[in-house]
Amino acid sequence: MTTPDPRTELLPPYARALDMIITGLHNGAPLIEMPFANKVQGRPGFLHGGAISGLLEMAAVAAIQHALHERGDEATFKQVNVTIDFMRGGTPQTTYAVGEVTRLGRTMANVEARAWQDDPAKPITIAYLHYLLKRV
Amino acid sequence: MSTKTIAELAAEHGGFDPRIAISFMGKAGHGGFLGMDYVGHGEDWVELSIDWREDLVGDPNTGVLASAVVISLMDNATSMSIWTKLQEFRPQVTMDLRVDYLRPSPKGAKVYGRGYCYHLSHSIGFVRGIAHNGNLDEPLAHVSGTFIRVGDRLG
């Protein structure tokens with residue numbers, strides 16, 4: 001198990017309940033790890049697609065927070081939708097995920113979040129998420 | 001937890017029964033963690049629910065559920081709608097899902113997910129669904145997706 005980054009404290013209860021931790025930065029965005037456990041298992045021996053989706057959602061949120069902070073932007077954001085491609089079955093091992101903010105505009109953000117296990121070049125699942133940005 | 005597979009249970013009961021399937025799918029693994037319950041079903045739909053819980057919250061400031069809770073709920077409800085329409089269990093995996101969040105699921109509210117299978121081809125199950133808080137006419141999310149059969153195919 002890798003040492004958690006202090007940013008792990010910022011993860012919401014849902015992420016903490018599934019033992020997700022932030023371990024550092026990967027390509028300039030927070031890297032999140034989720035250990036395999038019965039509570040994230042779907043069909044026997046495989047991760048539940050919803051648990052992988054949860055990991056991707058947390059990676060996407062962490063990526064936006066990081067990107068907004070980087071440009072000194074205090075906007076808040078709300079998820080509008082998500083499209084998820086399940087490409088490979090998740091096996092009983094640690095899963096990694098990172099979000100890439102492909103566009104951070106004035107009113108919306110596009111994020112692509114990827115999850116992998118053995119090899120970052122072989123994603124098991126990719127999520128494409130849209131967020132509405134709000135400023136007071 | 002039962003050690004029987006869904007296929008074995010379906011064979012014992014002369015077909016796929018979502019009420020029986022959820023009685024163990026809702027207790028094992030991720031479904032058990034979320035506490036998924038059976039609500040109802042028809043020829044081509046299955047409705048499940050998850051109670052609001054503090055540890056399922058995605059935004060501690062508002063108490064709103066993590067949106068992935070809705071994804072897990074709709075993944076299971078739509079997946080089971082295919083077996084219900086088929087009247088038997090066939091192994092399948094989720095190819096993709098899209099979720100549009102019309103509004104958040106408020107703090108304390110039980111979330112319901114009704115999944116429909118609207119078309120079956122040889123290999124693909126086409127599904128859609130609605131998540132709500134007790135009134136189908138007040139949806140909180142719309143879902144669409146596809147499942148691909150693995151192993152034996154229809155036809």
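No hydrogens, no waters, no symmetry mates; every other heavy atom, side chains included, goes into these values. We name chains A, B, ... by the order of the sequence lines, and we start the count at 1 in each one.
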* Structure fact -> Note: vs chain B, highest number of non-hydrogen pairs under 4.5 angstrom among A:Arg16, A:His130, A:His48, A:Gln41 is A:His48
* Could you tell me which portion of B:Val93 (side chain, backbone, both or neither) has an atom closer than 4.5 angstrom to a non-hydrogen atom of chain A? => side chain
* To do: Measure the OH-CD distance between A:Tyr128 and A:Glu112 for me, rounded to the nearest 0.5 Å.
  => 4.5 Å
* Asked: Do A:Gln117 and A:Thr94 get their side chains close enough for a donor-acceptor pair, meaning under 3.5 Å?
  -> no
* Less than 4.0 Å between a side-chain N and a carboxylate O, is that true for A:Arg7 and A:Asp5? -> yes
* To do: For each of B:Gly31, B:Ala141, B:Pro60, B:Ser67, tally heavy-atom pairs with chain A at distances under 4.5 Å, and name the one with the top tally.
  => B:Ser67
* To do: Check each atom of B:Asp100 against the heavy atoms of chain A and say whether the ones under 4.5 Å are side chain, backbone, both or neither.
  => both
* What part of A:Val82 lies closer than 4.5 angstrom to a heavy atom of chain B: side chain, backbone, both or neither? -> both
* **Segment of A:Arg43 engaging chain B (4.5 angstrom heavy-atom cut-off)** => side chain
* Asked: So, B:Glu43 and B:Thr84: side-chain donor and acceptor under 3.5 Å apart, yes or no?
  -> no
* **Contact class of A:Met58 relative to chain B, heavy atoms under 4.5 angstrom** => side chain
* Asked: When heavy-atom pairs shorter than 4.5 Å are enumerated against chain A, which of B:Asn76, B:Leu34, B:Asp96 gives the highest number?
  -> B:Asp96
* Asked: Are there more than 12 heavy atoms of other residues, nucleotides or ligands under 6.0 Å from atom CZ of B:Arg19?
  -> no
* Structure fact -> Answer key: most heavy-atom pairs under 4.5 Å with chain A among B:Leu65, B:Leu97, B:Thr146 is B:Leu97
* Portion of A:Gln79 that has a non-hydrogen atom of chain B nearer than 4.5 angstrom -> both
* Structure fact -> Of the listed B:Val69, B:Asp59, B:Leu56, B:Leu102, the one with the largest count of heavy-atom pairs under 4.5 Å with chain A is B:Leu56
* Who among A:Ser53, A:Ala127, A:Gly54 has the most heavy-atom pairs with chain B under 4.5 Å? -> A:Ser53
* Taking A:Thr8 for its side chain and A:Pro4 for its backbone only, find out whether a donor-acceptor pair lies under 3.5 Å. => no
* Answer yes if the side chains of B:Asn133 and B:Ser105 hold a donor-acceptor pair under 3.5 Å, and no otherwise. => yes
* Hey, does B:Pro18 have a side-chain heavy atom less than 4.5 Å from the side chain of B:Tyr38? -> yes
* **Greater than 12 external heavy atoms within 6.0 Å of A:Arg106's CZ** => no
* Selection from A:Asp85, A:Val80, A:Leu129 maximising heavy-atom pairs under 4.5 Å formed with chain B -> A:Val80
